[in-house]
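Basis for what follows: all heavy atoms, side chains included, without hydrogens, waters or symmetry-related copies.
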Amino acid sequence: MKNFIRGGELDRDAYWSGLFIVPILLFNYVLLGIYMNLSVWYKLSDQTKYGLYISVIGAVITIALNVLLIPKYSYVGAAISTTCTYLVMVSLSYFWGQQNYSIPYKTNKIILYLIAGFLVSWAAYYSNFWIGNLILILFLAVVAYVEKNNILKILKSD
């Protein structure tokens, strides 16, 4: 991957020093996607005031944590702030949604997949190319085996 970054050796080192933050940012995007899916309940039940509440709480947490963390930890503090904010927003949307417009999510399975995906990503990130891809293939094989009935159901419906 170093070959894709142009410039002198010092320029490449400057880019590589921040590469560790990429998995955290990608996880934040996963949390944002989960929040977007969870936020449907207050739109369907015409209780959009909850969207306002969650957004304001998220903004307050973001500002507070950025003020606290960025001076000491720089962009790492901003990434941690975003992670904390999205975790709170996902949690609020889930719990308020279950109280006001209950949807039977398989939360244990979802959390297990999130943790497994995080662990696979972490292991692949800190290993070499071949081991990382082998870990990913094993993970996909396990998911395909566990979800084979759902996959077959989807394939048959088309």
Side-chain angles (χ1 to χ4, degrees), residues 15 17-127 131-158:
Y15 286 112
S17 67
L19 192 61
F20 72 94
I21 205 78
V22 171
I24 298 169
L25 296 176
L26 293 175
F27 180 67
N28 289 345
Y29 282 120
V30 169
L31 289 175
L32 179 60
I34 292 170
Y35 170 71
M36 289 297 175
N37 281 286
L38 287 174
S39 68
V40 171
W41 71 267
Y42 61 77
K43 297 169 190 167
L44 291 175
S45 63
D46 200 28
Q47 299 181 50
T48 54
K49 64 182 178 185
Y50 285 101
L52 174 68
Y53 299 153
I54 293 169
S55 296
V56 169
I57 291 168
V60 169
I61 292 170
T62 300
I63 292 168
L65 288 178
N66 280 343
V67 168
L68 290 172
L69 298 176
I70 289 176
K72 186 170 183 177
Y73 300 107
S74 184
Y75 60 90
V76 176
I80 292 169
S81 163
T82 304
T83 304
C84 293
T85 300
Y86 285 161
L87 283 171
V88 168
M89 291 173 69
V90 164
S91 300
L92 287 174
S93 185
Y94 174 75
F95 290 115
W96 284 344
Q98 291 305 304
Q99 291 174 355
N100 294 294
Y101 194 88
S102 186
I103 299 172
Y105 295 111
K106 296 180 180 178
T107 51
N108 290 338
K109 193 175 194 179
I110 293 168
I111 291 171
L112 182 67
Y113 276 131
L114 277 175
I115 292 170
F118 178 78
L119 292 174
V120 166
S121 298
W122 181 81
Y125 181 78
Y126 285 106
S127 64
I131 293 174
N133 282 322
L134 179 64
I135 292 169
L136 177 63
I137 290 168
L138 288 172
F139 175 70
L140 292 175
V142 168
V143 169
Y145 178 75
V146 169
E147 298 291 338
K148 67 182 172 206
N149 292 335
N150 290 332
I151 293 169
L152 291 173
K153 212 182 296 184
I154 291 170
L155 292 175
K156 286 181 183 178
S157 68
D158 290 339

What is the distance from atom [atom1] of [X] to atom [atom2] of [Y], rounded to the nearest 0.5 Å?
{"X": "Leu38", "Y": "Trp96", "atom1": "CG", "atom2": "CH2", "answer": "13.5 Å"}
{"X": "Ile54", "Y": "Ser39", "atom1": "CD1", "atom2": "OG", "answer": "8.0 Å"}
{"X": "Tyr86", "Y": "Phe27", "atom1": "OH", "atom2": "CZ", "answer": "12.0 Å"}
{"X": "Leu31", "Y": "Thr83", "atom1": "CG", "atom2": "OG1", "answer": "7.0 Å"}
{"X": "Leu69", "Y": "Cys84", "atom1": "CG", "atom2": "SG", "answer": "7.5 Å"}
{"X": "Asn37", "Y": "Tyr105", "atom1": "CG", "atom2": "OH", "answer": "7.0 Å"}

**OP:** Determine, stepwise, if the pair Leu112 / Asn108 fulfils side chain to side chain contact (heavy atoms under 4.5 Å, CB included).
**Re:** CA-CA 6 Å; Leu112 182 67; Asn108 290 338; over 6 Å; no
May I ask you to check whether over 12 heavy atoms, not counting those of [X], lie within 6.0 Å of atom [atom1]?
{"X": "Phe118", "atom1": "CZ", "value": "no"}
{"X": "Phe20", "atom1": "CZ", "value": "yes"}
{"X": "Asp46", "atom1": "CG", "value": "no"}

Side chains of [X] and [Y], heavy atoms from C-beta outward: is any pair under 4.5 Å?
{"X": "Ile131", "Y": "Ile135", "result": "yes"}
{"X": "Tyr101", "Y": "Leu44", "result": "yes"}
{"X": "Ile80", "Y": "Leu65", "result": "no"}
{"X": "Leu140", "Y": "Ile137", "result": "no"}
{"X": "Ile34", "Y": "Leu114", "result": "yes"}
{"X": "Thr48", "Y": "Leu52", "result": "no"}
{"X": "Glu147", "Y": "Tyr113", "result": "yes"}

Original post:
Ignoring hydrogens and geometry, is there a side-chain-to-backbone donor-acceptor pair from Ser93 to Met89 under 3.5 Å?
Top reply: no
Subject >> For Asn133, side chain to side chain contact (heavy atoms under 4.5 Å, CB included) partners two or more places apart >> reply: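 Listed in chain order: Phe129.
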Could you give the side-chain donor-acceptor pairs of residues 57-64 under 3.5 Å, partners two or more places apart or in another chain?
{"residue": "Thr62", "atom": "OG1", "partner": "Gly58", "partner atom": "O", "Å": "2.8"}
{"residue": "Thr62", "atom": "OG1", "partner": "Thr85", "partner atom": "OG1", "Å": "3.1"}

Subject >> Nearest heavy-atom neighbours spanning Leu25 and Ala79 >> reply: CD2-CB, 4.2 Å
**OP:** Can you see which heavy atom on Ser127 is nearest to which on Gly132, and at what distance?
**Re:** OG-N, 3.3 Å
Original post:
Out of Trp41, Tyr94, Tyr42, which one pairs with Tyr50 under the ring pair (Phe, Tyr, Trp, His ring centres under 6.0 Å) rule?
Top reply: Trp41
